[in-house]
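For this chain, numbers begin at 1 and follow the sequence in order.
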Amino acid sequence: MQRAKRLIDGSELPLALVAQHAGFSSARRMNAAFAKLYGRSAASQAANRRDTINPDGDRQWPRATAPSVRNRSLR
């Protein structure tokens, strides 16, 4: 399952190919296992990945996890 998550997060492969490369017999079985382990579907994880890539193709921080300068104490 860790391999599937790495492939989802680090590539643009379709979920069917992710499932195949991660050793699952089908995307449906991978999705079920993924949701059970991570509490969200593989498709939503892939959608989150796409949301964190800017138009130039560079990765950027998702808004919820971006480091915030405002929250750091300068003292």
Side-chain angles (χ1 to χ4, degrees):
M1 185 51 53
Q2 290 176 349
R3 180 172 172 83
K5 186 167 186 316
R6 281 195 307 269
L7 286 169
I8 291 169
D9 290 341
S11 74
E12 293 293 322
L13 289 174
L15 292 180
L17 286 178
V18 169
Q20 186 179 30
H21 287 294
F24 288 90
S25 59
S26 69
R28 188 176 192 170
R29 289 190 184 266
M30 181 192 71
N31 281 323
F34 193 97
K36 186 175 182 177
L37 182 63
Y38 294 109
R40 65 189 294 185
S41 70
S44 69
Q45 182 71 23
N48 183 51
R49 168 197 66 205
R50 286 188 293 275
D51 289 343
T52 63
I53 299 176
N54 68 26
D56 295 329
D58 298 327
R59 291 207 175 266
Q60 59 191 19
W61 288 93
R63 292 187 193 276
T65 60
S68 176
V69 175
R70 284 180 279 161
N71 294 336
R72 293 184 189 157
S73 175
L74 299 175
R75 296 179 195 165

Measuring from [X]:[atom1] to [Y]:[atom2], what's the distance to the nearest 0.5 Å?
X	Y	atom1	atom2	value
Gln20	Leu13	CD	CG	10.0 Å
Arg3	Arg6	CZ	CZ	7.0 Å
His21	Met30	NE2	CE	11.5 Å

inquiry  = Could you check whether any side-chain N or O of Ser44 sits under 3.5 Å from a backbone N or O of Arg40, counting only pairs where one atom can act as donor and the other as acceptor?
reply    =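 Not a single qualifying donor-acceptor pair exists.
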message = How close do Ala27 and Ala19 get, counting heavy atoms only, and between which atoms?
response =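 The answer is CA-CB, 3.7 Å.
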inquiry  = Testing the basics here: between Ala43 and Asn31, what is the closest heavy-atom pair and its distance to 0.1 Å?
reply    =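 Heavy-atom minimum between the residues: N-OD1, 4.3 Å.
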query = Would you say the side chain of Gln45 lies within less than 4.5 Å of the side chain of Tyr38, judging by non-hydrogen atoms?
reply =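 SC-SC contact between Tyr38 and Gln45 ruled out.
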inquiry  = Side chains of Ile8 and Phe34, heavy atoms from C-beta outward: is any pair under 4.5 Å?
reply    =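 Answer yes - side chains close enough.
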